[in-house]
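Written below as structure tokens is the structure these notes are about.
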Amino acid sequence: MANKIKTIGIIAGSGPEAGIDLWSKILSHTQNQLGDAFRGDLDAPRVVIISEPQLGLSMDLRANQADTWAALEKTVRQLVPQIDYFAIACNTLNWFAPQIDTLLTTIKDGGTFVSFVDVLSETLINAGRTQFGLMAAAPVLALDNHSAYTPLAQNFDVETPSDHQAMQDLIYDVKRYGSDTPALSQRMADFASQMESDTLVLACTELPLISQKITGKTLIDVTDAVAQKLARLALE
């Protein structure tokens, strides 16, 4: 029987480990959705990943908007002719969703973009959530005109950490030292304990990698929600 699974695209680089995490979660959800029908390699997701280091400029998006978009546009143009659906393994870069949608109209036979913001909104609505704590990089936490999640603040009560820079520093340290550094998961747990919200949205692709020590909170991993949707779309 021929493999009918469509091709999924992942844009990584901000950071590379986040792209690996999204890929891993897509595989896991593919296995879960196929259940006993999963045959192993033959039914594994077909994935194309481009990891572009220049996308790391998004950590200071306001200062690097033009250069970040130049790198992202080049990557999108390279990726989309090869895939059916794609996502960017970076919450901050999803701020460019309107530009990406416009760009896709100019590319013949391009794939469909799956937005982290749209998937999170669907997840919150389906779960009946009206309030949540947002844990993310500083550009996202600002909830200003450079934050992908600003539109959600119009429909949900959003709590952010008191010290945005300290959260930014934590994310930088995950990128520099790796998610298996023990002290990082404890710092993450300390942030979570300071939040009043019972539900915490992990809206930076590095944060789910160090969330093991968080207790007493409901966690929504945006990367995992996107992976679940991509796996479903690829199997339709």
Side-chain angles (χ1 to χ4, degrees), residues 5-23 25-26 45-123 136-155 175 203-206 222-236:
I5 297 177
K6 299 178 181 70
T7 302
I8 297 169
I10 297 173
I11 294 176
S14 183
E17 198 172 3
I20 295 169
D21 183 51
L22 178 55
W23 187 1
K25 287 169 178 173
I26 292 169
R46 183 183 295 112
V47 180
V48 176
I49 298 179
I50 299 178
S51 187
E52 172 51 64
Q54 285 296 106
L55 294 177
L57 291 169
S58 64
M59 287 297 287
D60 189 356
L61 183 59
R62 186 179 295 276
N64 299 309
Q65 179 180 331
D67 289 339
T68 303
W69 171 243
L72 182 56
E73 179 183 8
K74 178 181 177 181
T75 306
V76 171
R77 288 187 181 278
Q78 182 180 354
L79 177 70
V80 295
Q82 307 178 62
I83 52 85
D84 296 289
Y85 300 97
F86 76 101
I88 306 171
C90 172
N91 288 262
T92 302
L93 286 170
N94 275 262
W95 179 76
F96 289 106
Q99 291 96 312
I100 292 170
D101 288 338
T102 299
L103 176 61
L104 292 177
T105 65
T106 71
I107 302 174
K108 185 178 180 180
D109 299 325
T112 300
F113 177 55
V114 177
S115 161
F116 271 44
V117 182
D118 291 344
V119 172
L120 175 57
S121 181
E122 293 171 6
T123 301
V140 176
L141 292 174
L143 294 176
D144 59 8
N145 59 359
H146 279 82
S147 170
Y149 288 106
T150 298
L152 290 185
Q154 300 172 5
N155 300 312
K175 293 174 180 290
C204 177
T205 43
E206 277 73 32
V222 186
T223 301
D224 188 67
V226 170
Q228 184 176 21
K229 180 158 188 174
L230 286 169
R232 185 177 71 252
L233 288 169
L235 291 169
E236 287 180 350

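Only this structure's heavy atoms are used, side chains among them; waters, hydrogens and symmetry mates stay out. Keep in mind that this is a model prediction, so the values were computed, not measured.
To the nearest 0.5 Å, atom CD1 of residue I50 and atom CZ of residue R77 are 13.0 Å apart. To the nearest 0.5 Å, atoms CG (L233) and NZ (K6) are separated by 8.0 Å. Once rounded to the nearest 0.5 Å, the distance linking CD of E52 with CG of L72 reads 9.5 Å. Rounded to the nearest 0.5 angstrom, D84 CG and L230 CG are separated by 11.0 Å. Distance check, rounded to the nearest 0.5 Å: CG of L79 to CD1 of I49 gives 10.0 Å. Rounding to the nearest 0.5 Å gives a distance of 8.0 Å between CG of D101 and OG of S115.
Residues forming a side-chain hydrogen bond (donor to acceptor under 3.5 Å, both in side chains) with K175 (at least two apart in sequence, or on another chain): E206. Every residue two or more places apart in sequence or in another chain was checked for a side-chain hydrogen bond (donor to acceptor under 3.5 Å, both in side chains) with Q99, and none qualifies. Under the ring-ring contact (aromatic ring centres under 6.0 Å, His included) criterion, W69 pairs with F96, sequence neighbours left out. Residues passing the side-chain contact (heavy atoms from CB on, under 4.5 Å) test with A203, sequence neighbours excluded: N91, L134, A136, Y149, V201, V222. T205 pairs by the side-chain hydrogen bond (donor to acceptor under 3.5 Å, both in side chains) definition with nothing, not counting sequence neighbours. Residues satisfying the side-chain contact (heavy atoms from CB on, under 4.5 Å) criterion with D144, sequence neighbours excluded, are R62, A142, H146, S147. With sequence neighbours excluded, no residue satisfies salt bridge (Lys or Arg N to Asp or Glu O under 4.0 Å) with R232. Every side-chain contact (heavy atoms from CB on, under 4.5 Å) that C90 has, sequence neighbours left out, goes to S14, S58, I88, T92, L93. When the side-chain contact (heavy atoms from CB on, under 4.5 Å) test is applied to A97, the partners found at least two apart in sequence or on another chain are F113. By the side-chain hydrogen bond (donor to acceptor under 3.5 Å, both in side chains) test, K25 is found to be paired with D21, D221, residues two or more places apart in sequence or in another chain being considered.
With contacts defined as side-chain heavy-atom distances shorter than 4.5 Å, the pair E73/L103 qualifies. A 4.5 Å side-chain heavy-atom check between K74 and Q54 finds every atom pair outside the cut-off.
Residue pairs meeting the salt bridge (Lys or Arg N to Asp or Glu O under 4.0 Å) criterion with at least one partner in residues 109-121, sequence neighbours excluded, are absent. Among pairs with a residue in residues 10-20, none fulfils salt bridge (Lys or Arg N to Asp or Glu O under 4.0 Å), at least two apart in sequence or across chains.
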**Report entry** T112 and L104: CA distance, side-chain angles, deciding distance, side chain to side chain contact (heavy atoms under 4.5 Å, CB included) verdict
**Finding:** CA-CA 8 Å; T112 300; L104 292 177; over 6 Å; no

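A donor-acceptor pair is defined here as one N or O able to donate and one able to accept, closer than 3.5 Å; no such pair exists between the side chain of N94 and the backbone of A148. Looking at T75, its side chain does come within 3.5 Å of a backbone N or O of A71 through a donor-acceptor pair. No side-chain donor-acceptor contact under 3.5 Å links W23 to the backbone of V48.
Smallest separation of non-hydrogen atoms from A231 and I26: CB-O, 4.0 Å.
For the side chain to side chain contact (heavy atoms under 4.5 Å, CB included) with F86, the lone residue among I100, I10, I8 that qualifies is I100.
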